Every structure is written in C-alpha cells, then in structure tokens.
Amino acid sequence: MEKRKLGKTDMELSTLSFGASSLGGVFHDIDQSEAVRTVHEAVDNGMNFIDVSPYYGYTKAETVLGKALKTMDRSSYYLSTKVGRFGLNNENHWDYSAKRTMESIDESLTRMNVDYVDILNVHDVEFSDVNQVINETLPTLQKIVEQGKARYVGITGLPLELLQKVIKQVGPGVVDSILSFCHYSINDDALLDYVPFFKENNVGVINASPLSMGLLSHRGAPAWHPAPQELLDACKKAADFCESKGERIEKLAIQYSIAHPDITTTLVSSAKPKNILENIKWANEPINLELLEEVKEILKPVHRLTWENS
C-alpha cells in the first residue's frame with residue numbers, strides 16, 4: 001500500500017489505516033477473538049497505523065486492541081490514542097486537566113500492552129475550554145513526550161476552524177498532526193480549505209470516517225446519526241444509484257478519500273477481518289471516475305452540509 005509522510009514527523013503512514021473504534025463495540029456487539037484477528041490482518045496486509053481512544057467503548061477498544069498488540073512486533077505499526085474524552089458510569093465525560101491527562105496516558109499504555117504511543121491527541125477539542133487545552137492540556141502532552149510515553153502531539157475534532165484556531169494560538173512546533181473526521185468524503189470536502197494552512201505549519205493531516213459515519217453505505221446511517229434528513233436522503237439516493245450500477249458506494253468513498261496527496265492517511269474501522277481485507281483490496285484498485293462524478297452530482301445539493309458533534 002502507498003505510504004505518505006505525516007507532516008514533519010518521521011512517520012510514513014499507509015494511505016488507508018486502521019481506526020479501532022469498532023473494537024469497542026461502538027456500532028454493534030463484537031466477537032473479541034475475531035476483533036483481534038482483524039487487527040492482525042490489517043497490519044499484515046499493509047495498514048501500518050492504528051488509532052484508538054479510551055472513549056471508544058469506554059476503554060473497551062483499547063483493551064481489545066491491547067490483546068492484539070500483545071503478540072505483535074512493536075516496530076510493525078504506529079499507534080495513536082487520545083486524552084480528554086472519556087466514559088464514566090456509561091455516560092460521556094470530559095476532563096482536559098493536566099492531572100487527568102497524565103493518568104490517562106498511563107492507563108492507556110497499560111490497557112494496550114505498550115510502552116509508548118506514536119501520537120497522543122487531545123480528543124474532540126470542541127468539548128473543551130480551548131484556553132485550557134492551549135495552556136494546560138497541550139503543555140502536559142509535551143511533558144509526556146519528554147517522558148518517552150509519546151512521540152508526537154495531535155489534536156482532533158469536527159469543527160475545522162477550531163483546529164486551525166488552536167494551532168494559530170499555540171504557535172509552530174507544538175501540534176504535529178490533526179485528525180479530522182467527516183470532512184473529506186464524497187459529500188463533504190471542507191477539509192481541503194484548511195489543508196494549505198496545515199501544510200504551511202508542518203502539521204500532518206489524518207482523515208477519518210470516509211463513509212461519513214455510515215451515510216455513504218448501502219446499509220445507511222445508524223439511527224443515532226446527527227445528519228439532517230436532507231443529507232440522509234441524498235446519501236441513500238447516491239448509495240442506491242451505485243447499487244443500480246453494480247457498484248458499492250463504500251468502495252467509491254474509500255477510494256476517493258485516500259486519493260488526495262496532501263492527506264496522509266484515512267482511517268477505516270471494522271472488527272471483522274473480511275471487511276478490513278475488502279477495504280484494503282479497494283484501496284489498491286483504481287477508482288471509477290465516471291461513477292464518482294455521477295455520485296457527486298447526486299450529492300451536489302447537500303455538498304458540505306454538516307452537523308454538530310455530540
């Protein structure tokens with residue numbers, strides 16, 4: 001699989017990478033042994049970057065991932081996790097304090113059976129007091145890097161303008177990468193407006209959710225999806241059109257999202273080996289440009305229509 005350099009880091013990441021949220025049973029119940037095999041298949045077949053968070057499945061994703069990583073060569077993959085967003089008593093919980101950040105990385109390393117992560121991210125900055133992230137969380141992450149528990153620092157979130165604002169305020173060299181989701185897919189390419197800024201500031205770009213959290217799938221978005229009805233309807237129409245042509249919109253969406261040379265990698269998630277191997281196969285095949293233009297035309301009325309994170 002093709003690899004691209006992430007910003008000013010020393011990491012060359014596969015264009016398609018493994019998002020471990022599914023290991024937490026975020027979308028449906030999983031078979032843990034099957035999930036472990038999925039991680040092994042992903043790395044063995046070319047995905048060299050894994051992203052996770054203690055928030056996914058309220059630590060379950062990191063725990064299941066740890067079972068897979070326990071038997072893997074640490075030099076065969078790059079690993080990313082997050083701080084700031086958690087689950088407490090089966091409810092969402094946020095804590096961006098220095099104390100909780102220090103505790104969180106130690107807990108994550110223990111769950112995942114590793115000594116360090118390659119990227120440590122502030123998770124979903126839109127839920128934080130941004131001043132706290134700038135003056136407390138990010139300096140704490142830099143201390144964690146100095147301790148050898150992480151190599152690089154990143155930030156994640158849905159609002160692109162907020163990711164840009166944080167980078168502007170902290171200055172050069174503090175943030176090594178951003179992780180954006182649902183803003184570089186066939187229905188929403190807003191990330192492209194910000195790529196030049198990130199590039200100028202030596203900030204690597206990681207894209208997540210090429211299917212827009214299920215919008216661009218034949219099965220359709222889950223019931224909890226926050227997209228407005230107009231967007232849900234248009235994406236279903238696009239998926240049905242692809243099916244009428246004997247094609248899968250999921251395949252087209254993944255191929256589209258990995259194509260841009262300035263976006264280092266795109267994360268896909270599954271807890272089933274068959275699915276992840278199919279995604280890798282698609283990533284190595286040429287895109288159907290005629291079909292892409294037809295789908296773009298269907299989605300044109302809802303282009304860049306988005307929602308608030310929740």
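Note that this is a predicted model, so its numbers are computed, not measured.
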To check you understand the geometry: which heavy-atom pair defines the closest contact between Ala271 and Pro273, and what is its length? O-CD, 4.1 Å

With distance as the sole test, does Asp118 use its side chain to make a donor-acceptor pair with the main-chain N or O of Ser80 at under 3.5 Å? no

Is a side-chain N or O of Asp124 found less than 3.5 angstrom from the main chain of Glu126, in a donor-acceptor match? no

Evaluate the ring planes of Tyr256 and Tyr184, with Trp represented by its six-membered ring, and classify them as parallel (under 30°), tilted (30 to 60°) or perpendicular (over 60°). parallel

Atom CG of Asn135 and atom OH of Tyr96: how far apart are they, to the nearest 0.5 Å? 15.5 Å

Among Asp188, Asn187, Asp189, exactly one meets side chain to side chain donor-acceptor pair (under 3.5 Å) together with Ser185. Which residue is that? Asn187

Counting only N and O atoms by type, is there a donor-acceptor contact under 3.5 Å from the side chain of Thr15 to the main-chain atoms of Thr265? no

Can a side-chain donor-acceptor contact be found between Asn92 and Tyr55 if the only test is distance below 3.5 angstrom? yes

Return each pair, listed once, that meets salt bridge (charged side-chain N to carboxylate O under 4.0 Å, His left out) where at least one residue sits in residues 198-214; pairs must be two or more places apart or across chains. Lys199-Asp262

Kindly indicate whether the side chain of Asn121, heavy atoms from C-beta on, has any atom under 4.5 Å from the side chain of Ser177. yes

Could you list the residues that satisfy side-chain hydrogen bond (donor to acceptor under 3.5 Å, both in side chains) with His218, not counting sequence neighbours? Glu243

To the nearest 0.5 Å, tell me how far Thr140 OG1 sits from Leu120 CG. 10.0 Å

Salt bridge check, Lys245 against Glu247: does any charged N sit closer than 4.0 Å to a carboxylate O? no

May I ask you to decide whether Lys67 forms a salt bridge with Glu62, counting only side-chain N to carboxylate O separations under 4.0 Å? no

For residues Ile105 and Leu109, determine if any side-chain heavy atom of one lies less than 4.5 Å from a side-chain heavy atom of the other. yes

Six-ring centre of Tyr56, Arg85 cation under 6.0 angstrom, axis tolerance 45°: no

Any donor-acceptor pair under 3.5 Å from Thr266 side chain to Ser257 backbone: yes

What pair of heavy atoms forms the shortest contact from Ile167 to Phe198, and how long is it? CD1-CE2, 3.6 Å

Picking from Ser209, Ser21, Ser17, what satisfies side chain to side chain donor-acceptor pair (under 3.5 Å) with Ser269? Ser21

Is there a donor-acceptor pair closer than 3.5 Å between any side-chain N or O of Asp31 and the backbone N or O of Ser33? yes

Grab the two heavy atoms, one from Ser53 and one from Thr81, that are nearest each other, plus how far apart they are. CA-OG1, 3.5 Å

How about Pro210 and Val268: do any of their side-chain heavy atoms sit closer than 4.5 Å? yes

Calculate, to the nearest 0.5 Å, the distance between atoms SG and CG belonging to Cys182 and Leu158 respectively. 6.5 Å

Nearest-0.5 Å distance, CG of residue Asp106 to CD1 of residue Ile144: 7.5 Å

Between Leu23 and Val36, is any pair of side-chain heavy atoms under 4.5 Å apart? no

Flag, side chain of Ser104 to backbone of Thr101, donor-acceptor distance under 3.5 Å: no

Side chain to side chain contact (heavy atoms under 4.5 Å, CB included) evaluation trace for Gln255 with Asn288: CA-CA 9 Å; Gln255 292 175 329; Asn288 184 334; 5.7 Å; no

Side chain to side chain contact (heavy atoms under 4.5 Å, CB included) assessment of Ile276 paired with Phe18: CA-CA 8 Å; Ile276 218 68; Phe18 187 77; 3.7 Å; yes

Please answer whether the main-chain N or O of Ser212 pairs with a side-chain N or O of His225 as donor and acceptor at a distance below 3.5 Å. yes

With side chains defined as the heavy atoms from C-beta onward, is the minimum distance between Leu289 and Ile287 less than 4.5 Å? yes

Hydrogens and angles aside, do Ser22 and Ser270 bring a side-chain donor and acceptor to less than 3.5 Å of each other? no

Pairs where residues 163-186 contributes a residue and the test salt bridge (charged side-chain N to carboxylate O under 4.0 Å, His left out) is met, not counting sequence neighbours: Lys8-Asp176

If you count the non-hydrogen atoms of other residues, nucleotides and ligands that lie under 6.0 Å from CD in Glu290, is the total more than 12? no

To the nearest 0.5 Å, atom CD1 of Ile50 lies from atom CG of Leu69 at 5.0 Å

Is the NZ or CZ atom of Arg74 both under 6.0 Å from the centre of the six-membered ring of Tyr116 and within 45° of that ring's axis? yes

Apart from Leu13 itself, members of its ILVMFWY cluster (side-chain separation under 4.5 Å) are Leu6, Met11, Phe49, Tyr78, Ile119, Tyr152, Leu179, Ile206, Leu267

Treating Lys82 as the side-chain partner and Val52 as the backbone partner, does any N or O pair qualify as donor plus acceptor under 3.5 Å? yes

Is the NZ atom of Lys5 crowded by more than 12 outside heavy atoms at less than 6.0 Å? yes

Examine Phe86 and Val122 and state if one hydrophobic cluster contains both, with Ile, Leu, Val, Met, Phe, Trp and Tyr joined whenever side-chain heavy atoms are less than 4.5 Å apart. no

With rounding to the nearest 0.5 Å, note down the distance linking SG in Cys242 to CZ in Arg248. 10.5 Å

Would you mind reporting whether Phe181 and Asn309 have side-chain heavy atoms less than 4.5 Å apart? yes

Compare every heavy atom of Val130 with every heavy atom of Val125, then report the nearest pair and how far apart it is. O-CG2, 4.4 Å

Is Lys281 salt-bridged to Glu278, going by a charged N under 4.0 Å from an acidic O? no

Among Gln147, Arg151, Glu146, side chain to side chain contact (heavy atoms under 4.5 Å, CB included) partner for Lys149: Gln147

What residues, two or more places apart in sequence or in another chain, satisfy salt bridge (Lys or Arg N to Asp or Glu O under 4.0 Å) together with Asp240? Lys236

Looking only at heavy atoms, which two atoms of Glu136 and Ala98 are closest? And how far apart? OE2-N, 2.7 Å

Heavy-atom distance under 4.5 Å between the side chains of Trp282 and Glu250, does that happen here? yes

Surrounding CD of Glu161 (heavy atoms of other residues, nucleotides or ligands, distance under 6.0 Å), is the total greater than 12? yes

Quick check on side chain to side chain contact (heavy atoms under 4.5 Å, CB included): which of Met112, Glu107, Arg111 does Pro54 satisfy it with? Arg111

Could you tell me whether the side chain of Asp73 reaches within less than 4.5 Å of the side chain of Ser75, counting heavy atoms only? yes

For Leu216 and Ala253, which heavy atoms make the closest approach, and how far apart are they? CD1-CB, 4.1 Å

May I ask you to decide if Glu12's main-chain N or O and Asn48's side chain share a donor-acceptor pair within less than 3.5 Å? yes

Is there any salt bridge (charged side-chain N to carboxylate O under 4.0 Å, His left out) pair reaching into residues 33-46, and which pairs are they, with sequence neighbours excluded? Glu34-Lys272

Answer yes or no: is there a donor N or O on one side and an acceptor on the other, between the side chain of Ser180 and the main chain of His183, under 3.5 Å? no

